[in-house]
Structures are given as structure tokens and as C-alpha cells.
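Data block below; observations after.
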There are 2 protein chains.
Amino acid sequence: MSTKSSPRAPQRSRIAPPNRRERASDLRAAGASAAPTFKPIHTRRTFEEICERIREQLALGVLKPGDKLPAERELAQQLGVSRNVLREALRSLEMAGVLRLQKGVKGGAFIQQGDTRRMNEVMRDMLSLGTISVRELSEARVHVLDLVVQLACANARRADLDALEANIERTELATKEGRLLDRVECSREFYKLLAASTGNKVIAMIVDSVTEIHMRFVYAKVASSGVAMARLAEKRRQFLAALSERDVALASRLLRSHLESVQRMLEQDPGAMSLHVALADVQPGMRR
Amino acid sequence: MSTKSSPRAPQRSRIAPPNRRERASDLRAAGASAAPTFKPIHTRRTFEEICERIREQLALGVLKPGDKLPAERELAQQLGVSRNVLREALRSLEMAGVLRLQKGVKGGAFIQQGDTRRMNEVMRDMLSLGTISVRELSEARVHVLDLVVQLACANARRADLDALEANIERTELATKEGRLLDRVECSREFYKLLAASTGNKVIAMIVDSVTEIHMRFVYAKVASSGVAMARLAEKRRQFLAALSERDVALASRLLRSHLESVQRMLEQDPGAMSLHVALADVQPGMRR
DNA sequence: TCCATTGAATGGGTGATCCATTTAATAATT
DNA sequence: AATTATTAAATGGATCACCCATTCAATGGA
């Protein structure tokens with residue numbers, strides 16, 4: 001009613017989303033000691049409420065992977081919100097890897113198995129936004145991989161080692177045939193397999209997230225310069241042998257020195273190593 | 001009208017989002033060897049396109065934290081999409097911590113400084129969905145913290161140590177006054193400070209993400225049983241002393257043994273340690 | 001000078017409507 | 001009887017046209 005308050009039904013008379021506007025009760029001390037600041041409320045919006053409710057059902061185990069949510073039209077009515085705003089919530093959850101939306105009759109919103117690649121995207125966003133630096137990422141990767149070697153030596157199974165072996169064979173083949181970019185893909189896969197061989201999916205997720213970005217740089221470097229790591233497969237074999245022998249010290253040393261030489265390669269011609277070119281586009285093997 | 005195809009303009013004659021339907025080129029071997037599967041395309045939707053474009057601008061450095069996107073109505077027109085679908089995209093980016101939407105004239109969509117808490121939510125979702133287990137998380141946390149101790153010994157600065165000292169004082173106070181739940185908040189903060197003292201935000205982010213969940217369990221345990229770790233502040237002091245002396249071995253040993261005793265505490269009365277109760281609600285100190 | 005009022009810009013939200021895809025049921029054809 | 005088109009319904013995808021609530025600069029009166 002900016003001008004004349006036209007005599008029109010207020011149309012806001014629906015079911016009234018449970019706790020929507022009455023939000024004064026939301027201030028809470030939140031800290032361990034006296035907290036004199038009173039800022040961070042920023043009124044709850046319906047889509048947030050919806051996301052939270054669905055996540056809550058999930059955490060409570062009421063919703064499990066494979067389950068289907070009611071159809072948009074129906075769920076919107078149940079929640080007493082418009083279909084549009086419900087979709088905003090569903091979209092967010094879909095982007096978060098929690099849901100998958102499927103069209104057609106028998107379609108709907110299905111709870112997904114968690115997608116560990118979500119963490120890669122977080123890492124990528126943090127880098128894009130300048131919250132973390134490439135240096136920090138590389139450094140963290142070195143440390144984390146060191147940890148991975150320890151765990152892999154302790155926990156890797158026969159099947160894990162076999163998978164690594166097979167990967168090295170593909171690397172050799174790609175080298176022979178001069179498919180340098182494919183070889184980068186092999187490297188990506190190598191670290192993924194190595195991470196998996198720790199037997200801990202949390203660790204694996206972390207490793208993947210820092211490696212994914214790193215590999216973008218390697219990919220960009222190889223693609224632009226044509227140079228590539230010498231004796232790669234051979235080094236991998238030595239490393240795998242150490243791993244198979246459960247020789248932490250040796251495996252750790254080998255990997256570390258390899259990482260250092262890769263780092264040197266990347267740091268040649270530093271101008272070309274733009275953060276932006278490496279992050280800008282989706283590259284092979286990184287499909288969402 | 002569902003039956004007879006009324007003679008109406010098809011209304012789909014807008015600018016036509018650049019590469020929307022022509023996605024046949026999207027099949028690609030993606031792996032290092034033959035890939036006979038042809039599944040994973042699932043037609044690109046406009047909101048995904050929009051998200052990707054904005055992220056691209058971000059990665060390219062065209063958009064930086066602090067920048068403001070055009071108003072919804074205008075941006076929608078520029079992109080040739082409806083405002084609603086644009087909002088779905090903005091919502092997703094907001095949930096991802098990339099944007100913040102602000103109301104009012106002079107409001108708009110502002111690029112944010114990256115929010116490192118995003119990773120916590122990923123971890124939480126993975127746990128809710130059963131992709132990772134509590135055991136894996138605890139295990140990973142122990143290993144990662146071990147790494148953190150090494151890095152903190154090497155890199156912690158005076159200010160970091162002072163912050164930890166101040167935290168311990170708060171812990172003591174809370175202990176004296178019997179505020180057990182506040183003390184849990186202190187613990188959360190302690191690990192956050194410890195993580196920060198490594199000087200590496202990637203590591204810090206990782207530590208925070210595994211610690212946040214862990215602390216929910218501790219919180220739930222303390223809240224329900226009233227029991228709490230004995231001699232906590234004292235142990236913290238010993239640890240901090242070791243850290244200040246840059247004594248990796250000692251600090252590492254102290255932390256490890258503390259983590260083990262906490263773990264034992266949590267594992268008493270295992271039935272009560274439901275994943276669901278710990279994850280279900282937002283607890284103090286975890287406000288988004 | 002100071003404070004209340006106004007009004008425009010902006011995000012938040014609604015409801016109706018249409019399109020495109022998918023699937024099951026049905027009818028037509030062989 | 002088996003196969004193949006056709007039809008119809010359900011569902012997500014998307015659009016349009018509004019309205020509401022908040023914010024803030026400009027305006028104007030005390």
C-alpha cells in the first residue's frame with residue numbers, strides 16, 4: 001500500500017507456516033562467556049526453514065537415502081508455502097547433494113546417497129573467493145598425503161594395491177602413446193585410489209578435495225606447456241612397492257620427493273599458473 | 001486444457017540460454033581407459049547454468065567478494081530467464097556461502113568472503129546420509145589432530161598461544177562455576193584456536209569440520225548424563241605448555257591420550273549416543 | 001538543526017498457468 | 001496373442017504478474 005491502500009483481500013490467509021514471523025525468541029547467548037553483540041539474526045526465511053526441516057528429518061532417520069518426498073505441489077500445500085519457494089529449498093538441497101529431482105510421473109525428489117564431491121566444490125569456492133590460497137592448499141595437501149601414506153601402509157588391502165597397480169599400468173600405456181592429458185587423469189585417479197586405500201572415507205574425502213584442485217593446475221600446466229613429469233610410472237612403481245612392503249618411511253619419502261618435483265614443475269613460469277584459468281572451467285574427469 | 005492444445009503463442013521465444021539443450025557433445029571417456037557406461041547426463045537446467053556462470057565469473061576474478069550483482073529483476077532480464085528461476089540459482093549460491101542477499105533499496109546479491117563453515121555442513125550431511133560413519137569421523141579426527149599438533153608446534157605464534165591461554169582460563173572459570181555445557185563450548189573453541197594456530201586455513205577448515213560434529217556428541221553426552229571430563233583445564237595447560245616449548249612428541253602424546261579418554265567417556269552407555277539426537281538440532285555455538 | 005514522512009528500489013513470497021518428460025493404461029494393428 | 005501406437009495423467013521445469021516487507025535516501029515541516 002505504497003500509495004492508496006486499495007481495498008483488496010490480503011491474500012496472506014493460508015495455513016500460516018508454523019514459526020515464520022514470530023522470531024523475536026531467536027536471540028540466544030550462544031557463546032561460552034558474556035556475549036555483548038546482538039547482530040547475527042537476519043530474519044529466517046521460509047526456504048531456510050524448509051531446508052532445515054528436511055535436514056532434520058534426515059538426521060532423525062525419518063528420511064533415508066532412496067526415500068521420495070511428496071510431489072512439489074502436495075508438499076508445498078502441506079508446508080503451507082507456495083510451490084516456488086519450496087522449489088528454492090529443493091534446489092538448494094539438490095545442490096548440496098542431498099536430493100535428486102527426477103521428472104515425469106514416478107518422478108519426484110529422492111534422497112541421495114551422499115555425494116563426497118560436495119567437498120571439492122567447497123574447496124573450489126573458497127579458492128575462488130580468496131578465502132584460502134593456493135599455497136595453503138598445496139601445503140595442506142602435502143601434509144595430508146603424508147598422513148595418507150601412514151594410513152595406507154597400515155590399512156591398504158590386496159584389492160587396493162591391485163587397483164593401484166592397474167592404474168600404474170594405464171599410466172605406462174598413456175606415457176608410451178604420448179597421451180599426456182590422459183596421464184594427468186591417471187594421476188588424479190591414482191591419488192583417489194591411494195586415498196581410498198586408507199579405508200577411511202572421511203580421510204578419502206579430504207584428500208580428494210585438495211587433490212582435485214591441485215590436478216586442475218597440473219592439467220592446465222601440461223595442456224599449455226606440453227611438459228610432463230619424467231619417469232612418472234617408474235616412480236609410482238617404487239612407491240607402490242614400498243606401500244606393499246608397509247614401509248612407511250620409504251613410501252613417505254618417495255611421495256614427498258615426488259610432490260616436491262611436481263611443485264617445482266608447476267612453479268616454473270609462474271605467470272602462466274593463473275588461479276583463474278585453472279578454476280574457470282570444468283575439465284575432463286571432474287564432471288559433476 | 002490438458003486435452004486440447006489451445007491455440008496459444010508458445011511463449012518460449014526468449015533469448016535462449018546459450019548452450020542449453022545441445023548437450024550431446026557431453027559424452028566423453030572421462031577415464032583413462034574404455035568407459036562403456038552412458039548414463040550420467042541428466043539434462044542441464046537453467047538454474048545450473050546460471051550458478052555455473054556466476055561461479056565462472058568468480059573464478060575468473062571478474063566478480064570478487066564485496067561486489068554486487070545486478071538486481072534480481074534486471075539480472076533475470078539480462079540472462080533471459082524468469083525471476084523465479086534466477087532466484088533458485090541465487091538461493092543455491094547463498095546456501096553455498098558464495099552470496100548473501102540483502103533486502104531494501106541498496107540491497108542486492110553481494111559476493112561474500114568464503115564461509116569456511118560450509119565444510120561442516122557437508123560433513124554433517126554425509127553423516128546424516130550414512131555416507132560416512134561416526135567411527136570414520138572420530139578416527140580421521142584423531143589423525144588430523146595429530147597432524148595439527150605438529151604444524152602448531154612449528155607455526156603457532158605468540159598471539160595464538162595467548163588465545164589458547166585465554167580459552168583455558170575461561171574453561172577453568174566455567175568448571176569452577178559448574179557450567180558444564182559452557183565448558184563444552186570452550187572445548188569447541190579450543191580446537192578451533194588450535195587449528196587456527198597452524199597458520200593454514202585449509203587445515204583449519206578440515207579440523208573444524210570434523211571437530212564440529214564431534215562436539216555435538218560431547219554436548220549431547222554432557223547434557224544428558226551430566227558427566228564431564230575430569231581435570232580438563234589442567235590437561236589443557238600441560239598441553240599448551242608442551243606446545244609453547246615446541247615439544248611435538250609430548251604435545252602429541254598428551255592430546256592423544258586426552259582424545260582417547262574422551263572417546264571412552266562417549267562410548268560408555270553406547271545406546272544413548274544416537275547419531276540422530278546429536279545431529280538433529282542446531283545447538284548453541286553452531287548457529288549458521 | 002533535527003526529526004518525521006514519503007516513496008522508490010529491492011528481496012521475499014504467492015498463485016495461476018503452461019511446457020516437457022516420463023510412465024502406465026488403453027487402443028489399434030499385426 | 002503379441003506387438004505397437006496412442007492417450008492420459010503425474011511430475012518437475014519455467015514463466016508471468018502480482019503483492020508484501022524492509023530499507024534508505026530525499027523531502028519537508030517543526
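These figures come from a predicted structure and were not determined experimentally. Protein chains get the first letters and strands the later ones, always in sequence-line order, with residue 1 at the start of each.
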Can you list the residues that meet the side-chain hydrogen bond (donor to acceptor under 3.5 Å, both in side chains) rule with A/N167, with sequence neighbours excluded?
-> none

Would you state whether a donor and an acceptor, one from the side chain of A/R45 and one from the base of C/dG11, lie under 3.5 Å apart?
-> no

Would you tell me if any nitrogen or oxygen in the side chain of A/R91 comes within less than 4.0 Å of OP1 or OP2 on D/dG13?
-> yes

B/R83 has an atom CZ; how far is it from atom P of C/dG11, in whole Å?
-> 7 Å

Between A/E136 and A/S133, is any side-chain donor less than 3.5 angstrom from a side-chain acceptor?
-> yes

B/N84 CG to D/dA17 C1': how many Å, rounded?
-> 10 Å

Looking at residues at least two apart in the chain, or sitting in another chain, which of them share a salt bridge (Lys or Arg N to Asp or Glu O under 4.0 Å) with A/E72?
-> A/R83, A/R87

What integer distance in Å separates B/E88:CD from C/dG12:P?
-> 14 Å

Could you check A/R73 against B/L86 and say which one's nearest nucleotide on DNA chain D is further toward the 5' end?
-> A/R73

B/T46 side-chain N/O to D/dA14 phosphate OP1/OP2 under 4.0 Å | yes

Atom-to-atom span, CZ of B/R100 to P of C/dG11 - whole angstrom | 13 Å

How close or far is atom P of C/dT10 from atom CZ of B/F110, stated in whole angstroms?
-> 10 Å

All N/O pairs under 3.5 Å across the protein-nucleotides 22-26 of chain C interface:
from, atom 1, to, atom 2, distance (Å)
C/dT22, O2, A/V105, N, 3.3

To the nearest Å, give me how far apart CD (B/E72) and P (D/dT15) are.
-> 14 Å

Residues that B/R118 engages under salt bridge (Lys or Arg N to Asp or Glu O under 4.0 Å), provided they are two or more places apart = B/E121

A/E74: what forms a side-chain hydrogen bond (donor to acceptor under 3.5 Å, both in side chains) with it, not counting sequence neighbours?
-> A/Q78

State which residues pass salt bridge (Lys or Arg N to Asp or Glu O under 4.0 Å) with B/K106; sequence neighbours excluded, sorted by chain then number.
-> none

Separation of C/dA9 atom C1' from B/L75 atom CG, nearest Å, is 16 Å

Pair A/R117 + A/E212, salt bridge at N-O below 4.0 Å | no

Take the protein atom CG of A/L69 and the nucleotide atom P of D/dT11, then report the distance between them rounded to whole Å.
-> 13 Å

